[in-house]
Structures are given as structure tokens and as C-alpha cells.
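In what follows, a single structure is set out as C-alpha cells and then discussed.
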Protein chains: 2
Amino acid sequence: MLIFMLFLTKKGMLDKRTKLMNAAKVLFSENGFYATPTAKIAKEAGVSNGILFHYFPTKADLIHAMYYDIKDRIFNYSVSQIYKEATLKESIYTLWLAAVEWNLENSEDFEFMLQFENSPYFSNEIEKKHKYVQMSIELAEQGRLQNIFKDVDPLLLFQTMSCLVETNVKFLKYNPIFQNDVGFKNTLFEIAWDAIKK
Amino acid sequence: MLIFMLFLTKKGMLDKRTKLMNAAKVLFSENGFYATPTAKIAKEAGVSNGILFHYFPTKADLIHAMYYDIKDRIFNYSVSQIYKEATLKESIYTLWLAAVEWNLENSEDFEFMLQFENSPYFSNEIEKKHKYVQMSIELAEQGRLQNIFKDVDPLLLFQTMSCLVETNVKFLKYNPIFQNDVGFKNTLFEIAWDAIKK
DNA sequence: AAACAGACCGACTAATCAGTCGATGTTAAT
DNA sequence: ATTAACATCGACTGATTAGTCGGTCTGTTT
């Protein structure tokens, strides 16, 4: 049975929970949470209305599940990019680039996140607990101890980087010419690096 | 008649259009656009349900009117702060500080703006037309021509500053101890300045 | 083969909400 | 005094929507 399930998954016949999250991602990024009825999500996912509430007792539960899913995926991608022997600056660059490229390639996830983080669903406290944020804060703390970064709360350094990534991604979306321009991307990183470095 | 209207205004008996916008501001910043029914806005404003649609044909019209109102107010405040003989860095500092302090003092406007700018109501094109944005871009262009700023699209420089202001305000809201700490605010500005300067 | 459990369906409902409408009051202009 | 134009009210409606429910199907356990 387990083997059969794996087979299904590999063939692209995703389980309905995943189908629902994918459908919601598309519709949310097009019309926002509130203009997207649950019935439409189920329809787009090709499943029944009722099954949505089987997997996610409320619409808010679905939205939260999607948030954690995205955070996990961007964390896994970022971690896969960094390497051990890197200097601090190299690590920061790798993380910055990973974030920018991941968000550009996963445009719907990016749109979802923007909405979510500025909605009443979001709270700072939830975010701080995620391993992605914790890893970033740890790096910021390192840089501060090494006297490389400005002497402020590492959380602030992280938030500064995050908002710059967001701005960079938005800019690159509206100016696709630069998306493969390595020189331009280096300039973008310089902006971010200069901001946090001493 | 005009005199009588002014008298009413001075006495705090605002016209109903303004009352509606003020009530909406409070409710929107507490619960968001979508969890705030128009009927509740009218009730909070102490006016009838129908009059809301007399002044704002749709809920979206109300929201847009509020957006323009806020942009106008922050623009007027910012302009009142700058002075002619200032250097470029002084002007940027003044604008940065004005934005940070205005947003801290007008917390509901700030919350509204965050929601609005990440909602389907918002479009980049609308924003770019506002005199506040145009003034800022002009300054950025000046700095670039004087070879003081990094050599990128002035719009990007403006967006960079804006997102840093946003981050700063959020941080100061969560860490009120720093709100009157001039040294800390200078460090915050250094972060922003280092980001854009060459 | 019976009992069980979880996936799944889709019609249904109770509540909510944006916007309407007809009526009345108020002010200004002719 | 009449008219016209706007301001105001609040009951009402039509549409929408999150979530429910009774029941079916399928695979597993005993």
C-alpha cells in the first residue's frame, strides 16, 4: 500500500491535501485570500468541497499550513546552497541569492507570503520560531561578534536583509531584463551588504 | 453657511465623510479590510449605513480614498520638515526621520498602508504617480547625478529607503525603549544611508 | 465476513454583508 | 413659495460563503 502511494505520488497524482494547497496557492496569488472562496479552491483542485474541511478544519488552518510549507521549502533550498568552508560574507551572499532566486522562481509563494505577513493571520512570534529565521539570526549574531556587522539586535539585521530581499525580488519582477544580469545582482547584494556591515 | 461649517469642524463635529474614514481606519487596523463590514464602520462613525455609500459608492472606493488621504498627509508633513539650505544627506535624513516618526505616531495609518500595499487593491502604477513618490525619486536622481548614490534606477533607491523605513518602524514599535534613543535612531539611519550611498 | 476507520462526496444551511431604495429632512436658488 | 439638489436614514435584499451532515466507498483488521 505504501509502495502504491509512492507510485501515485511519483506519477504526479498528488494526494488531495497537496492538490488543495497547490490550487489555493494559485487562486490566492491571483485574487487574495478573501476573494477566494473555499468552494473555488476545491473545484480548482478537482476534489469535493467537503474534503477541504476534512484536511483543514477551517480556511485559516489551510492558510497557516501553506505558510509553514513555504517556510520549510525555502529553508531547505537555502540550506542546500550553503557550504561549510565559506566565509561569513560568502554565506550571507549565498543566503541572499538563494532567497532572491527562490522567490523569483516561486512567484506564487512569494505573493502568498506578502499577503500573509501583512494580514491579521500573521504574528511576529510565530515567525521567530521557524528554523529559517533562527538560522539567519544565528548568522547575524556571528557577524556582530566578529565585529563585521553593525552593533544592533541581530533580529533587526535579519529583518533588514529580509525587507531588502523583498524589494529586490519585486524590482526584478518588474524589470526582467536584469534577472540574468550578474553584475546588477552584485550591485543589489552590495546594497544589502553595505546596510548591515560596519 | 461656510462659516457655520468651519465652526462645526473646529468643534470636532467632523463631517460624516471624515467620520467614516476615521472609523474605518480604526476598524481596518484592528481587523483588516475583509473582517470589517461596512455596517460596522457606519455604526462606529455614528452615521447611517446608507450614507457610507452616498460618499463612497463601493467599499473599495472608501479604501482608495483612505490611501490617497494618508499619502497626502505624510507628504505634507515631510515637506514641512525639510529646509532649503540642507545638503543632500541632511534632506534624506530629514525625510527618513519624518517618515519614521509620522508612521510611529500614526500607527493606524501605518497598519492600513501595510495591508493596502500588499492587497489586490494596490498597484505600483498608482503609487508612482503620487507627489510623495515623485519628490523622493527626484532626490534619488540628484544623489545619483552627484555620484553620491549607487548607480541604479532611482526608483529602486526609493523603494530601498521605503522598505527600510518600514522595517525601522516595525522594530521601534516592538522595542519602544529605543523610540526616544537618538543614538539608536542615528544607527538606524546609518543602515539606510550606507545601503544607498556609493 | 463482519466490523471498523478514514477518505470522499456534494447538497444543504445559517449567517453575513455589500449595496439598494424609498422616504424624509435640509439648504440654496429662482 | 416653489423647486431642485443634496444629505440622511434604516429597513431590506440578493448573493455569497464558510462550514455541516448524512451517507457511500474502499481498504484493513479481527
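A, B, ... follow the sequence lines: proteins, then strands. Residue 1 opens every chain. Bear in mind that the values here come from a model prediction, so they are computed numbers and not experimental data. Just the heavy atoms: all of them, side chains too, but no hydrogens, waters or symmetry mates, feed the values below.
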Checklist entry - For the atom pair CG (Asp151(B)) and NZ (Lys198(B)), what is the distance rounded to the nearest 0.5 Å? => result 5.0 Å
Item to check | Closest to the Pro37(B) side chain, choosing from dG19(C), dC17(C), dC9(D) | outcome: dC17(C)
Checklist entry - Rounded to whole angstroms, how far apart are CD on Glu44(B) and C1' on dC17(C)? => result 18 Å
Item to check | Test applied, ring pair (Phe, Tyr, Trp, His ring centres under 6.0 Å); reference residue, His64(B); option that passes from Phe116(B), Phe56(B), Phe112(B), Phe33(B) | outcome: Phe116(B)
Checklist entry - Starting at NZ of Lys16(B) and ending at P of dT26(C), how long is that distance when rounded to a whole Å? => result 11 Å
Checklist entry - Which nucleotide in the set dA18(D), dC8(C), dG19(C) lies at the smallest distance from any side-chain heavy atom of Asn49(B)? => result dG19(C)
Checklist entry - Could you give the OH-to-P distance, from Tyr55(A) to dC9(C), as a whole number of Å? => result 9 Å
Checklist entry - Roughly how many Å is it from CG in Leu20(B) to P in dC9(D), rounded to a whole number? => result 10 Å
Checklist entry - Which nucleotide sits closest to the side chain of Ile51(A): dC9(D), dA11(D), dA7(C)? => result dA7(C)
Checklist outcome for this item: Ranking dC8(C), dG10(D), dA18(C) by distance to the side chain of Ser48(B), first place goes to dG10(D)
Checklist entry - If every non-hydrogen atom of Leu114(A) is compared with every non-hydrogen atom of Asn118(A), which pair is closest and at what distance? => result O-ND2, 2.9 Å
Item to check | Nearest-nucleotide pick for Phe53(B), side chain only, options being dC8(C), dG19(D), dT20(C) | outcome: dT20(C)
Checklist entry - Thinking salt bridges, do Arg73(A) and Asp109(A) make one under a 4.0 Å N-O criterion? => result yes
Checklist entry - How many Å lie between CG on Leu52(A) and C1' on dC21(D), as a whole number? => result 16 Å
Checklist entry - Which of the following nucleotides, dC9(D), dA7(C), dC9(C), is nearest to the side chain of His54(A)? => result dA7(C)
Next on the checklist: Can you measure Ile41(A) atom CD1 to dT16(D) atom C1' for me and round it to whole angstrom units?
Outcome noted: 15 Å
